[in-house]
Undergrad: 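Quick one: the structure is below, and I'll ask about it shortly.
Numbers restart at 1 for each chain; the letters A, B, ... are given by sequence-line order, proteins then strands.
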Amino acid sequence: MPIHTPHFPDLLFDSAARLRRWEAALMALLADHGYRELHPSLVLREAMPEGALRFFDGDDLVSLRWDFTVALAGLLTRSFPEPPARVAYAGAVFRRPAQPWEAVERFEVGCERIQPQGEASAEADVELARLLMAIPGVLGLKSALLHLGHAALVRRPLEAEALPQDRTQAVVAALSRRAPHRVAQAMEGHPAAARITAHATALLAELDGPRTLEALDQSPYAELLRDEREHLDRALRALLPILPPRLDLRVDLADVAGLGFYTGPTLRLWAPGAQQELAAGGRYDQLFPALGKPWQAAGFCVRLSRLLDLAATRPDLFEAPR
Amino acid sequence: MSPATLLIAFPKGRLGDDLIPKLAGTPLALDPEALKSRALRIPTATTGVAVLLLKGADLPRYVAAGVASLGIVGSDTLDELDMDLLELADLGFGACRLSLCAQTGVSLAELRAKPRLRLATKFRKATEAWLAEEGLTAELVPLSSSAELAPLLGLADAIVDLVQTGGTLKAHGLVETAVLGRSSARLVAARGAYLSEPARLHALAEALIAALRE
């Protein structure tokens with residue numbers, strides 16, 4: 001009998017129906033807000049990362065689409081002289097799992113807000129956050145938690161201190177673990193050790209609601225990060241009054257996931273009790289310039305495979321489908 | 001298991017023996033009757049919070065997978081396994097050194113000069129990192145316990161193991177020739193549980209830190 005590996009999940013009736021329903025509902029939500037679908041090819045010929053599923057097409061090494069943002073960026077830069085302002089996507093990506101319980105094939109729905117470089121971006125960030133706030137309701141989640149972060153809160157102080165790459169990686173890894181004692185260990189013997197450790201402690205302070213930003217007062221880099229703080233403060237003031245019922249909004253100053261990619265505000269959607277975030281995104285202004293286009297962009301991706309797993313293991317977190 | 005029951009993973013062995021008495025009289029005190037039994041899931045004085053007693057090497061996996069929301073484990077184990085979990089505090093107790101140990105009279109220089117150095121250890125990752133830093137190569141002999149016997153019986157030239165008081169080393173005629181790192185008990189948390197249920201977990205994590213930190 002063949003071994004049925006969970007890494008290539010087959011969806012049975014309920015899960016397949018749920019995937020179809022969620023995908024349709026999310027794409028309808030995005031279309032209602034002006035996001036038009038693009039569908040990049042499932043097979044990519046671009047430079048491919050280690051975790052991609054690669055195979056030979058004749059003499060050419062190709063890979064299955066491993067990331068929608070990268071695939072879309074290729075499509076957009078090849079096909080459009082000026083960027084479409086709002087694009088959406090739905091489908092599967094394929095990546096070798098980092099953790100043993102992750103699937104290789106993952107279903108996603110997402111969107112991107114693209115603008116010419118230099119255009120004010122704060123409103124676009126709030127637009128994406130508002131869209132993400134509507135998603136728990138669309139999916140029938142009984143309650144959810146939206147984390148708002150900012151990649152520059154970690155990136156800029158590390159750049160200002162000109163830390164070498166290995167030390168930067170060690171500090172980021174320690175922050176990812178939310179371990180201030182590991183930050184101190186990583187900075188041992190460096191002239192900026194006290195400053196970076198104090199900054200990490202400030203970022204990891206646990207305060208609730210709008211007061212979370214006050215933790216930045218304790219950071220030696222408070223002045224350097226004044227713009228980022230104002231940006232987060234404005235976002236909070238725009239979002240808190242329109243928070244849907246049963247959605248909690250928290251600021252996560254120490255969010256370092258994807259720090260090499262994100263350049264500005266970050267968003268992560270959780271359900272209480274879920275082991276992994278259900279949607280994630282943020283601003284990544286360096287992606288298009290690296291491909292030769294003077295564009296800036298932000299977006300998010302809803303991880304439907306994780307939601308399907310959650311619906312199977314914790315049905316109590318979802319409303320019964322109507 | 002009800003999702004309403006919150007599980008905390010405690011290590012069996014020396015670290016567990018150190019921490020369980022520290023919780024006596026606190027809301028997280030372990031049920032003494034259950035502790036006397038062979039049960040591995042022990043109720044605490046707080047309804048809805050139970051403790052799992054696990055082997056240290058298995059504990060991070062339970063927490064990373066979210067089965068246990070919180071756990072206490074030595075940093076040496078964390079460093080070896082490199083699982084995706086949060087490390088909320090250095091609790092300070094259970095402090096020990098990760099050391100290179102050889103038979104009395106054998107120096108570090110003599111070990112370095114060996115054309116084919118054999119090191120017995122269960123700390124493969126830390127040992128490889130130290131060897132790389134020192135520009136050395138060695139054959140690693142994987143052992144999960146009683147490593148002190150390896151140099152005595154010719155299985156290895158030296159061992160890399162945890163040293164707390166040095167009593168076990170002395171009993172086997174071994175001495176520390178180099179300190180590779182230090183370890184102590186850490187409070188760890190499941191990333192998902194801690195970030196998605198802050199109201200449920202933060203107070204409990206604070207209570208553990210208050211009761212256990214030295």
Undergrad: I'd like to know which of Ala193(B), Pro198(B), Ala190(B) tops the heavy-atom pair count under 4.5 Å against chain A.
TA: Pro198(B)
Undergrad: Working to the nearest 0.5 angstrom, can you tell me the gap between Leu91(B) CG and His181(A) NE2?
TA: 8.5 Å
Undergrad: Hey, is CG on Asp17(B) packed in by over 12 heavy atoms from elsewhere, all under 6.0 Å?
TA: yes
Undergrad: Taking atom CZ as the centre, does Arg112(B) end up with more than 12 heavy-atom neighbours from other residues, nucleotides or ligands that are less than 6.0 angstrom away?
TA: yes
Undergrad: Please indicate whether Glu319(A) has more than 12 foreign heavy atoms, meaning atoms of other residues, nucleotides or ligands, lying under 6.0 Å from its CD.
TA: yes
Undergrad: For Phe94(A), which residues count as a ring pair (Phe, Tyr, Trp, His ring centres under 6.0 Å) partner, sequence neighbours excluded?
TA: none
Undergrad: Could you tell me whether the side chain of Arg191(B) and the main chain of Ser176(A) form a donor-acceptor pair under 3.5 Å?
TA: yes
Undergrad: Chain A heavy atoms under 4.5 Å from Ser75(B): which part of the residue, side chain, backbone, both or neither?
TA: both
Undergrad: Can you confirm whether more than 12 heavy atoms, excluding those of Arg130(A), are under 6.0 Å from its CZ atom?
TA: no
Undergrad: Taking ring pair (Phe, Tyr, Trp, His ring centres under 6.0 Å) as the test, write out the residues that go with Phe10(B), two or more places apart.
TA: none
Undergrad: Atom CG in Asp84(B), atom CZ in Arg177(A): separation rounded to 0.5 Å?
TA: 8.5 Å
Undergrad: Would you mind reporting whether Gln185(A) and Asp90(B) have side-chain heavy atoms less than 4.5 Å apart?
TA: no
Undergrad: With a 4.5 Å cut-off on side-chain heavy atoms, are Arg186(B) and Arg182(A) touching?
TA: yes
Undergrad: For Leu145(A) and Leu195(B), which heavy atoms make the closest approach, and how far apart are they?
TA: CD2-O, 3.0 Å
Undergrad: Answer yes or no: are there more than 12 heavy-atom neighbours, outside Lys170(B) itself, under 6.0 Å from its atom NZ?
TA: no
Undergrad: Is it the backbone or the side chain of Ala199(B) that comes under 4.5 Å from a heavy atom of chain A, or both, or neither?
TA: neither
Undergrad: Can you tell me how far the CD atom of Glu277(A) sits from the OG atom of Ser196(B), to the nearest 0.5 Å?
TA: 11.0 Å
